[in-house]
Amino acid sequence: MLNKILQNIFSARKYILAILISSLMFIIIVALILPFSFSSLLELIILLLLFDFIIVYLIGNSRKSEIESIVNIINKIRTDNLQSDNEIKLGKYLSELENEIREMYLKSRDDISHLKKLEQIRTEFLANVSHELRTPIFAIQGFIETLLDGAIDDKNVNKTFLEKANQHTINLSNLLNDLIDISMIESGQMKMSFRFFNIYEFLEAIVNELRIHATSKNLSLILEPFDKSLQLYGDKQRLKQVMTNLIINAVKYTEFGTVSIGVIPESGFAQIYVRDTGLGITQEDQERIFERFYRVDKDRSRSMGGTGLGLAIVKHIVEAHGSKITVESEPGKGSVFSFRLKK
Ligand code: ADP
């Protein structure tokens with residue numbers, strides 16, 4: 001209670017101080033200048049009250065101008081007319097309020113620019129999705145129309161056109177699957193299930209499953225030897241998606257040589273890598289390949305059934321493991337994609 005009273009008095013210190021000082025000055029001046037003209041104490045008190053009334057009026061006036069400057073600043077913020085936070089000035093006695101308004105202004109400015117950025121990303125994403133969907137749909141439509149217009153009876157082309165239309169339906173289906181994954185991941189709906197598992201058996205099964213892709217291009221796909229009992233921590237199902245994406249990419253963008261997969265144990269972690277002897281990626285492109293829909297060569301990627309979303313999905317999944325996907329590459333020599341998992 002006493003504390004509260006003291007606090008209230010303290011917060012009104014500016015006004016109390018002003019009244020006390022001015023009353024004191026008034027009494028001193030009256031006592032010095034007119035010591036004999038006021039005989040009664042009552043008259044002096046009345047005069048003092050009058051004087052205090054004037055002081056209170058002046059304080060009220062200055063308070064009003066403080067409130068006006070607060071309203072003015074809030075108004076400027078609301079109507080977006082504040083150039084910078086330096087314009088938020090309320091004077092020494094309102095420094096706490098000034099700081100609060102400044103913090104609030106800076107936070108809302110950051111929030112707004114973040115929302116604007118998200119909105120821009122969303123618009124770009126929608127434009128990209130529409131474009132990516134249009135490409136296979138138009139191609140399928142084109143092949144079907146040509147077949148209906150008579151090419152169906154032309155034995156030289158009918159099978160080829162059907163195969164091409166079929167390839168585009170596969171591309172479309174890949175794209176839809178990747179889009180579903182990306183939206184699940186980005187909306188936070190992707191459920192992760194972490195446990196320890198044997199990494200050697202895990203990688204061996206994936207390599208065996210994907211070997212056919214490599215042999216069809218005369219590439220060798222190898223799992224380099226490492227401790228067969230090593231246990232790592234992660235979501236096996238999602239990590240299979242990561243490894244499949246990286247290995248399929250390595251095979252897709254390699255014409256000669258080898259794709260090797262390996263694990264390097266480190267303290268507390270193990271590094272998993274996919275190395276190829278393929279096209280390689282320039283430094284400039286390395287910085288962008290994890291963006292959604294970014295491809296170094298769009299036509300080449302599409303013709304091989306690529307959606308441009310694979311590495312974006314890989315990045316999300318690896319980051320959900322508290323890790324980071326990195327790439328080292330030299331054009332013409334090959335690339336190494338790697339990330340770490342907990343032991
Ligand atoms: P895509 O479906 O086009 O393969 P990704 O997101 O998987 O999409 O990869 C993005 C781009 O990164 C690819 O289009 C390709 O240009 C490049 N890229 C990915 N992996 C490799 C690799 N191992 N070697 C060379 N380029 C690669």
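Hydrogens, waters and symmetry mates are skipped; everything else that's a heavy atom, side chains included, is used. Residue indices begin at 1 and follow the sequence shown. Both ligands and their constituent atoms are indexed starting at 1 by order of listing.
- Contact annotation for I281 and ligand 1: only side-chain heavy atoms (C-beta onward) come within less than 4.0 Å of the ligand.
- Using a distance-only test at 3.5 Å, with no hydrogens or angles considered, a donor-acceptor pair links the side chain of S183 to the main chain of L179.
- Checked by distance only, ligand 1 and G308 come closer than 3.5 Å through their nitrogen or oxygen atoms.
- Between E319 and K315, at least one side-chain N (NZ, or NE/NH1/NH2) sits under 4.0 Å from a carboxylate O, which counts as a salt bridge.
- Listed by chain and number, the hydrophobic cluster partners of I264 are Y273, V336, where partners are ILVMFWY side chains within reach of under 4.5 Å, directly or through others.
- Heavy-atom proximity to K252, at under 4.0 Å, picks out these atoms of ligand 1: 1 (P), 2 (O), 4 (O).
- The ligand atoms of ligand 1 that sit less than 4.0 angstrom from a heavy atom of G306 are 2 (O).
- Residue-ligand proximity, T307 to ligand 1, at heavy-atom distances under 4.0 Å covers atoms 2 (O).
- For D276, a nitrogen or oxygen atom sits less than 3.5 Å from a nitrogen or oxygen atom of ligand 1, counting backbone and side chain alike.
- In this structure, the side chain to side chain contact (heavy atoms under 4.5 Å, CB included) partners of E132, at least two apart in sequence or on a different chain, are L175, F293, R295, R302.
- Among all protein heavy atoms, the one lying closest to atom 6 (O) of ligand 1 is L311 N, 2.8 Å.
- Here K116 does not pair with E119 in a salt bridge; the nearest charged N to carboxylate O distance is not below 4.0 Å.
- Of the N or O atoms in Y294, none lie within a sub-3.5 Å distance of an N or O in ligand 1.
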